[in-house]
Amino acid sequence: MPPRTAAIQNAAIQSAVTLPAEFYRRPADIVARELLGKYLVRRIGDETVALQIHETEAYVGAHDLACHGRFGCTDRTAVMFGPAGYWYTYLIYGMHWMLNVVTGEVDQPAAVLFRGAGNSRGPGKLCRELSIDKSHYGLPATAKSGLWIEDRGYTIRRGGILRTPRIGIDYAGAWKDKKLRYVLKDS
DNA sequence: GCAGTGATCATA
DNA sequence: ATGATCACTGCC
């Protein structure tokens, strides 16, 4: 590897900063949009993998007819009613783990679903690739959990984000058409 | 187009 | 205890 390239990469790594809890303590749609281009980082033992996030969805609160928190606080959704910056994982269709991060204020259930990062397309495949499951439920998005998110200085070009309705929520009435899915165009 | 797969929750 | 549902994926 040429020295110049190595120097640039080292500079990029040095500028990486783990997103703080305050980043997540905002409306889910804002967080979902700003998570694009950030890096989802997974550490297992000595191995560290960082994947650039290119697709997210926002579930914005109890009034959102697609949000799991709409039926109140249950065993599964309890973490969504807690503070922002914690992982919400759940199993769907008996097979696929989904990864979300809790956003917003305490007692107001909201989260962002990770639908794509790196070469993974789809929330189930992403969790399979990074070995994410029930063990992450309720853990903070920090290095000590082995799963966190970094800002590595990537800036999205103007008009670089596509907004569409969310996937797989046709039951959600008026909310099924709201553009709460965010996609990085050059992904 | 649709089967696979099992946790979760409401109902009883 | 039982049954419906489900923020998906991969193969037909």
Side-chain angles (χ1 to χ4, degrees), chain A residues 19 23-38 40 42 49 51-105 107-141 145 147-149 161-185 187:
Chain A
L19 298 182
F23 179 91
Y24 304 102
R25 197 182 305 133
R26 297 180 294 162
D29 56 331
I30 303 295
V31 176
R33 188 186 70 221
E34 292 194 12
L35 280 173
L36 295 180
K38 304 294 193 294
L40 182 62
R42 177 80 169 106
V49 178
L51 304 179
Q52 190 176 41
I53 297 160
H54 57 71
E55 183 178 343
T56 60
E57 281 178 358
Y59 292 83
V60 301
H63 58 296
D64 176 357
L65 296 180
C67 182
H68 285 171
R70 68 193 184 280
F71 297 124
C73 187
T74 65
D75 286 347
R76 181 176 71 152
T77 63
V79 71
M80 295 182 77
F81 289 80
Y86 288 77
W87 299 119
Y88 166 41
T89 59
Y90 66 92
L91 188 67
I92 191 72
Y93 297 112
M95 275 175 278
H96 310 292
W97 287 96
M98 302 284 107
L99 176 68
N100 305 251
V101 67
V102 176
T103 66
E105 301 298 323
D107 289 334
Q108 299 181 4
V112 172
L113 170 69
F114 294 85
R115 294 194 59 91
N119 292 321
S120 288
R121 301 295 179 121
K125 292 194 300 188
L126 177 60
C127 286
R128 192 179 60 189
E129 177 176 349
L130 294 179
S131 298
I132 292 165
D133 56 28
K134 185 72 180 174
S135 68
H136 297 90
Y137 182 97
L139 296 181
S145 298
L147 183 64
W148 68 99
I149 301 173
I161 295 175
L162 188 66
R163 293 181 63 194
T164 81
R166 294 168 292 182
I167 306 296
I169 54 144
D170 288 349
Y171 58 83
W175 284 83
K176 77 178 169 60
D177 297 319
K178 294 190 183 295
K179 294 183 175 181
L180 292 170
R181 172 172 173 253
Y182 298 84
V183 182
L184 206 53
K185 278 185 183 174
S187 62

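In this text the structure is predicted, and so the values were computed from the model without any measurement. Chain naming here is simple, since letters A, B, ... match the order of the sequence lines and numbering starts at 1 in each.
When rounded to the nearest whole Å, the span between CG of A:Leu113 and P of C:dC6 equals 16 Å. C:dG10 atom P lies 13 Å from atom CG of A:Leu126, rounded to whole Å. If you measure from atom CG of A:Asp64 to atom P of C:dA7, you get 12 Å, rounded to the nearest angstrom. When the P atom of C:dA7 is taken as reference, atom CZ of A:Arg121 falls 22 Å away, rounded to whole Å. One interatomic measurement links the two molecules: CD1 of A:Ile132 to P of C:dA7, which rounds to 19 Å at whole-angstrom precision. The CH2 atom of A:Trp97 sits 14 Å away from the C1' atom of C:dA7 (whole-angstrom rounding). Remark: P of C:dA7 and CG of A:Asn100 are 11 Å apart, rounded to the nearest angstrom. Note: OH (A:Tyr90) to P (C:dT5) measures 17 Å, nearest angstrom.
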Quick tally for nucleotides 5-12 of chain B: nucleotides whose base has a protein heavy atom under 4.0 Å get B, sugar-phosphate-only ones S, the rest -, giving BB-SS---
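Using a 4.0 Å heavy-atom criterion, one finds that A:Ile167 contacts the sugar-phosphate atoms exclusively. Using a 4.0 Å heavy-atom cutoff across all strands shown, A:Arg128 reaches sugar-phosphate atoms only and no base atom.
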Evaluate A:Leu184 against A:Tyr182 for side-chain contact (heavy atoms from CB on, under 4.5 Å), listing each step before the verdict. CA-CA 7 Å; A:Leu184 206 53; A:Tyr182 298 84; over 6 Å; no
Quick one, A:Tyr24 with A:Val112, criterion side-chain contact (heavy atoms from CB on, under 4.5 Å). Give me CA distance, side-chain angles, the key distance, then yes/no. CA-CA 9 Å; A:Tyr24 304 102; A:Val112 172; over 6 Å; no
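A:Asn100 places a side-chain N or O within 3.5 Å of a backbone atom of A:Tyr88 that can act as its donor or acceptor partner.
Surrounding CG of A:Asp177 are more than 12 heavy atoms belonging to other residues, nucleotides or ligands, all under 6.0 Å away.
Side-chain contact between A:Leu99 and A:His136: absent, with no pair of heavy atoms (C-beta onward) separated by less than 4.5 Å.
Figure legend. B:dG4 is base-paired to C:dC8; pairs are counted as Watson-Crick or G-U wobble with both atom distances under 3.5 Å.
The distance from the CG atom of A:Leu147 to the CD1 atom of A:Ile132 is 4.5 Å, given to the nearest 0.5 Å.
Between A:Gly69 and A:Met80, the shortest heavy-atom contact is N-SD, 4.1 Å.
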